Amino acid sequence: MTVDPTVRAAPGPDDPAAAVRADVVTWFDAHARDLPWRAPDRTPWGVLVSEVMLQQTPVVRVEPAWRAWMARWPGPADLAAAPTADVLRAWDRLGYPRRALWLQECARTVVERHGGVLPEDEEALLALPGVGPYTAAAVRAFAFGRRSVVLDTNVRRVLARVAAGVALPAPTQSAAETRLAAAWVPDDDAGAARWSAAAMELGALVCTARAPRCDACPVAERCRWLAAGRPADVHAHRRRTQAWAGTDRQARGRVMALLREALTPVPHDAVAATWSDAAQLARCLDALVADGLVVRHDAPGDDPDPAVATYGLPR
DNA sequence: AAGCCGGGGTG
DNA sequence: CACCCAGGCTT
């Protein structure tokens, strides 16, 4: 079904949502973290870089990486011209290195299709590699100060508790949830951007997933979940934590860590030493090559035997 | 809608 | 040691 993004919050002085928004924004003004991508000298491109890095990676790990990254490649043209191997090394251990690939592709698209200027239009943003509904909305709000429905894991959790009265949002995002979030976003551009930033910050610092600090919450008196006695998560039985040990993701991570450190192509034997299951490693290497994260150099005489090939990061 | 894709800090 | 983190892409 389609969701009308023009749905507005009900006006009026007795609107409880408006009261919550006002208090959350006031709290944000006093408690917002001093993050570099919020600094006055930030650029729209810098905001986009931060949003991509923050996809599933915590703020504390992103901050130093973002500073180094922006110092090295300040704008999309700089990143577009960089060797991909350097980009993947700079990504370091932020995780999900395909994001680094997408970010460079994004930079090249911005240069080629938008003259090196990040577009404000939501459709144009969504068309960029690695930019999905969240990131497009976040860039519109935080880089350009435009109204958008920013719905990340923090906002989902805040609305689940304050508005819906449940411990945590459902495992998968619903259309009703998007509609609710849209209804909570103020009409005006500046107010909308401020609310989104404030709601995310509240979710990150106070209304946390693990141990919420309701005693420090600016809207504790209006929270449906707290009023209900903080009932347990209804969806707990459906949540499945992703396995790690022995998975392809761990194997891929081993390979990428090895190749990031290598200054010259790595012989297959050295790659094989990082993983005991040879068949699994072979699959992962094929997948990494297909993803564009790894390049396989066949031995002279065009021998396709993977056992005598060498591996490296793409130039 | 569900599965896949890193890595590390934390309760 | 399970859980969580400013998600996106593919099927």
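In this text, all values refer to a predicted model and were calculated from it rather than measured experimentally. Just so it is clear: chains get the letters A, B, ... in the order the sequence lines come, proteins before strands, and each one is counted from 1.
- Side-chain N/O atoms of A:R210 and base N/O atoms of C:dC4 include no donor-acceptor pair closer than 3.5 Å.
- Within the 4.0 angstrom heavy-atom criterion, base atoms lie near A:G95.
- The pair A:D188-A:R147 does not meet the salt-bridge criterion, since no charged nitrogen lies less than 4.0 angstrom from a carboxylate oxygen.
- Using a 4.0 Å heavy-atom criterion, one finds that A:R98 contacts the bases of the nucleic acid, with or without backbone contacts as well.
- Salt-bridge check for A:R296 with A:D286: passed, with a basic side-chain N closer than 4.0 Å to an acidic carboxylate O.
- Base contact: A:W37 has a heavy atom under 4.0 Å from a base atom.
- Computed from coordinates, the A:L168 CG to C:dC5 P distance equals 8 Å when rounded to whole Å.
- Looking at A:R99 and A:E51, no side-chain N of the basic residue comes within less than 4.0 Å of a carboxylate O on the acidic one, giving no salt bridge.
- Sequence order on DNA chain C of the closest nucleotides to A:L128 and A:T241 puts A:T241 first from the 5' end.
- Two different hydrophobic clusters hold A:L128 and A:F142 under the rule that ILVMFWY side chains link at heavy-atom gaps under 4.5 Å.
- Closest non-hydrogen pair, A:R61 versus A:L94, comes out as O-CD2, 3.7 Å.
- The residue among A:Q242 and A:A211 whose nearest nucleotide of DNA chain B lies closer to the 5′ end is A:Q242.
- Ion pairing of A:D78 with A:R72 is absent here, as no side-chain N (NZ or NE/NH1/NH2) approaches a carboxylate O to less than 4.0 Å.
- Residue A:A209 is in sugar-phosphate contact alone, with no base atom involved, counting any heavy-atom pair closer than 4.0 Å across all strands shown.
- Across all strands, A:R238 comes closer than 4.0 Å to no nucleic acid atom at all (heavy-atom distances).
- Going from atom CE of A:M53 over to atom CE of A:M70 covers 8.5 Å, rounded to the nearest 0.5 Å.
- Residues of residues 274-289 of chain A that place a heavy atom closer than 4.0 Å to DNA chain C do not occur.
- The stretch residues 246-267 of chain A touches DNA chain B through A:D248, A:R249, A:R252, A:G253, A:R260, each having a heavy atom under 4.0 angstrom from the strand.
- A:L35 comes within contact range of at least one nucleobase, with a heavy-atom separation under 4.0 Å.
- The two residues A:T172 and A:E177 make their nearest non-hydrogen contact at O-OE1, 4.3 Å.
- For the ring-ring contact (aromatic ring centres under 6.0 Å, His included) test with A:W69, the passing option among A:W37, A:W45, A:W91 is A:W91; the others fail.
- The distance from atom CG of A:D291 to atom P of C:dC9 is 13 Å, rounded to the nearest whole Å.
- Between the C1' atom of C:dA6 and the CD atom of A:Q173 lies a distance of 13 Å, rounded to the nearest Å.
- If you measure from atom CG of A:L125 to atom C1' of C:dG8, you get 15 Å, rounded to the nearest angstrom.
- Contacts between residues 43-70 of chain A and DNA chain B, counted as heavy-atom distances below 4.0 Å, involve A:Q56, A:T57, A:P58, A:R61.
- Side-chain contact, A:S148 with A:E122: no donor N or O sits under 3.5 Å from an acceptor N or O.
- Regarding A:L205, its CG atom lies at a distance of 12 Å from the C1' atom of C:dA6, rounded to whole Å.
- Between A:R140 and A:E120, none of the side-chain N atoms (NZ, or NE/NH1/NH2) sits under 4.0 Å from a carboxylate O, so this pair counts as no salt bridge.
- Between A:L94 atom CG and B:dG7 atom C1' there is a gap of 9 Å when expressed in whole angstrom units.
- Rounded to a whole angstrom, the distance from the P atom of C:dG8 to that of B:dG8 is 23 Å.
- The C1' atoms of C:dT10 and B:dG7 are separated by 22 Å, rounded to the nearest whole Å.
- Between A:T135 and C:dG7 there is no side-chain polar atom (N or O) within less than 4.0 angstrom of OP1 or OP2.
- Comparing B:dC4 with C:dA6, their P atoms sit 24 Å apart, to the nearest whole Å.
- Closest to the A:D152 side chain, of the nucleotides C:dC3, B:dG6, C:dA6, is C:dA6.
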- Message: Does A:R194 form a salt bridge (Lys or Arg N to Asp or Glu O under 4.0 Å) with A:D29? I'd like the steps, not just the answer.
- Response: CA-CA 9 Å; A:R194 217 175 308 127; A:D29 290 340; 5.7 Å; no
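- Rounded to an integer number of Å, the gap from OH of A:Y134 to C1' of C:dA6 is 3 Å.
- Within the 4.0 angstrom heavy-atom criterion, base atoms lie near A:R33.
- Summarising the geometry, the separation between CD on A:E177 and P on C:dG7 is reported as 13 Å, rounded to the nearest angstrom.
- Distance CG/A:D269 to OG1/A:T274: 11.5 Å, rounded to 0.5 Å.
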